[in-house]
Number of protein chains: 2
Amino acid sequence: MTTSTPPIQEHWLALLQENGYRVTGPRRSVVEIVANHHRALNPYQVFELARQRYPRLGLVTVYRTLEKLEALGLIERVHQPHGCHAYLPAAVGHQHLLLCQGCGNAEYFSGDDLDDLIGRIAARTGYQIKEHWLQLFGLCTACRAGAQ
Amino acid sequence: MTTSTPPIQEHWLALLQENGYRVTGPRRSVVEIVANHHRALNPYQVFELARQRYPRLGLVTVYRTLEKLEALGLIERVHQPHGCHAYLPAAVGHQHLLLCQGCGNAEYFSGDDLDDLIGRIAARTGYQIKEHWLQLFGLCTACRAGAQ
DNA sequence: TCGATATTGATAATCGTTGTCAATAGAAAA
DNA sequence: TTTTCTATTGACAACGATTATCAATATCGA
Ligand SMILES: [Mn+2]
Ligand SMILES: [Mn+2]
Ligand SMILES: [Zn+2]
Ligand SMILES: [Zn+2]
């Protein structure tokens, strides 16, 4: 019988190993939660969920694990109107977030082309533009149906 | 002799009046700082600057005044990589921010047209898109020169 | 299996923000 | 101008979220 553990999770644990970190029970539980969720979770939410898998988990360990996952580029902080302390699996390549205002579901999209706009703003302001943040908010199909 | 007080500041104070708030010394000092700055300032930074004008100012009053200015739509919170608790005079109409990574200077720009992109993402994902956040980061002309 | 040490959870400390309250000051009325 | 009402103030305490400390424990290479 082969294990059905999602590959993202295994990849994250392997990356922790490779970087000299130990793979422990508490870390497994945190990774399992954050790697497989489609909504941004704050440290306490991660704690509540992960401790169902690893009951003696401490909140402090959640903070420390999130810190390491962020340093490894595996998760990233999501900025939202109601708070900026929730995390999601990091974008792969050049992607931006689309967030559902109803259920909090998050998806990445790619294919934005802002070169034109950026060129125009650069010319107008004299700035050399190096980065951009783009985030879309709306209602997913499920929430659209629910709210009519 | 006419006063040379910047009009934004007077507008803000008038708006406080109109909404039943009293115009006090402490509030004047906070408004003067935030209304005339081109960089996002957090509550403590506002406190340090404003108390040069009104030495007996308390930090708590800064928090309370910022809260009211935000409620009146005169200032807005700015999200940045290194923190999301700094404020700027609010955008007028549909505008987005361009921030200098060197000196922190902030400018608004308008004229972005994301309808095309948004339509494409909506079609692809099934989301009904209701809002967007866009923010550009770069170097202003002065910082570009300074950093070569 | 063993041992060095990274990691853990409990606890305390810290930081930014918000609540409490008596004293004060704004502004409308007298 | 003076009076009066009460919104506002600053000092202080309280709070919640995050970070530091430390002895006990668990990981993983030897
Ligand atoms: Mn982009
Ligand atoms: Mn726009
Ligand atoms: Zn939804
Ligand atoms: Zn600059």
Side-chain angles (χ1 to χ4, degrees), chain A residues 10 12-34 40-72 75-87, chain B residues 10 12-34 40-72 75-87:
Chain A
E10 289 308 318
W12 289 19
L13 294 174
L15 236 138
L16 281 168
Q17 287 262 32
E18 290 167 26
N19 284 78
Y21 297 117
R22 293 181 181 172
V23 174
T24 68
R27 285 188 179 155
R28 281 182 187 279
S29 74
V30 169
V31 165
E32 174 174 342
I33 294 303
V34 182
L41 299 172
N42 64 38
Y44 193 79
Q45 292 173 317
V46 173
F47 173 61
E48 289 182 308
L49 292 166
R51 115 175 120 158
Q52 293 172 9
R53 287 277 169 179
Y54 192 91
R56 72 171 90 180
L57 178 67
L59 176 57
V60 176
T61 297
V62 174
Y63 276 97
R64 291 189 284 224
T65 304
L66 292 175
E67 186 180 30
K68 284 174 179 59
L69 294 176
E70 188 177 24
L72 291 175
I75 64 175
E76 60 188 26
R77 189 185 295 264
V78 176
H79 298 259
Q80 288 177 278
H82 295 302
C84 306
H85 297 268
Y87 292 87
Chain B
E10 289 309 318
W12 289 18
L13 294 174
L15 236 138
L16 281 168
Q17 286 263 32
E18 290 166 25
N19 285 76
Y21 299 117
R22 293 181 182 174
V23 174
T24 67
R27 285 187 179 157
R28 281 182 186 279
S29 74
V30 169
V31 165
E32 175 174 341
I33 293 304
V34 182
L41 299 172
N42 64 39
Y44 193 79
Q45 292 173 316
V46 173
F47 173 62
E48 288 182 308
L49 292 166
R51 114 176 121 158
Q52 293 173 7
R53 288 275 170 180
Y54 192 92
R56 71 170 90 180
L57 178 67
L59 176 57
V60 176
T61 297
V62 173
Y63 276 97
R64 292 189 283 224
T65 304
L66 292 175
E67 186 180 28
K68 283 174 180 60
L69 294 176
E70 188 176 24
L72 291 175
I75 63 175
E76 61 188 28
R77 188 184 296 263
V78 176
H79 298 258
Q80 287 177 279
H82 296 302
C84 305
H85 296 268
Y87 292 88

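Proteins come first, then strands; the chains are lettered A, B, ... in the order of their sequence lines, and each starts at number 1.
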Which heavy atom of B:Ile75 sits nearest a heavy atom of B:Leu66, and at what distance? CD1-O, 3.5 Å
Identify whether any heavy atom of B:Tyr44 sits under 4.0 Å from a base atom; if not, whether one sits that close to sugar-phosphate; answer base, sugar-phosphate or nothing. nothing
For A:His85 and C:dC15, give me the distance from atom NE2 to atom P, rounded to whole Å. 17 Å
Selection from D:dT9, D:dC28, D:dA20 that lies nearest to any side-chain heavy atom of A:Arg22: D:dC28
With heavy atoms under 4.0 Å as the rule, sort B:Tyr54 into base, sugar-phosphate or nothing. sugar-phosphate
Counting only side-chain heavy atoms from C-beta out, which of C:dA27, C:dG9, C:dG16 sits nearest to A:Arg56? C:dG9
Please give, in whole Å, the distance from D:dT19 C1' to A:Lys68 NZ? 12 Å
Nearest heavy-atom contact between B:Leu59 and B:Phe47 is N-CE1, 3.4 Å
Quick check on C:dT8: is either OP1 or OP2 less than 4.0 Å from any side-chain nitrogen or oxygen of A:Thr24? yes
Nearest-angstrom distance from the residue atom OH of B:Tyr63 to P of C:dT20: 18 Å
C:dG19 C1' sits how many Å from B:Glu67 CD, rounded? 12 Å
Below the 4.0 Å mark, does C:dA27 have OP1 or OP2 next to a side-chain nitrogen or oxygen of B:Gln17? yes
Classify the angle between the aromatic ring planes of B:His85 and A:His85 as parallel (below 30°), tilted (30 to 60°) or perpendicular (above 60°). tilted
To the nearest angstrom, the CZ-P distance between B:Phe47 and D:dG10 comes to 9 Å
Rounded to whole angstroms, how far apart are CZ on B:Arg51 and P on D:dT9? 16 Å
Given side-chain contact (heavy atoms from CB on, under 4.5 Å), test A:Arg28 with A:Val31 step by step and report yes or no. CA-CA 5 Å; A:Arg28 281 182 187 279; A:Val31 165; 5.9 Å; no
Using whole Å, report how far CG of B:Leu59 lies from P of D:dA14. 18 Å
Report yes if at least one side-chain N or O of A:Arg27 is closer than 4.0 Å to OP1 or OP2 of C:dT7; otherwise report no. yes
Checking C:dA10, C:dT8, D:dA7 against the side chain of A:Thr61 (C-beta onward), the nearest is C:dT8
Mind calculating the distance between CZ (B:Arg64) and C1' (C:dT24) to the nearest angstrom? 13 Å
Give the minimum heavy-atom separation between A:Leu57 and A:Arg51, together with the two atoms involved. CD2-N, 3.9 Å
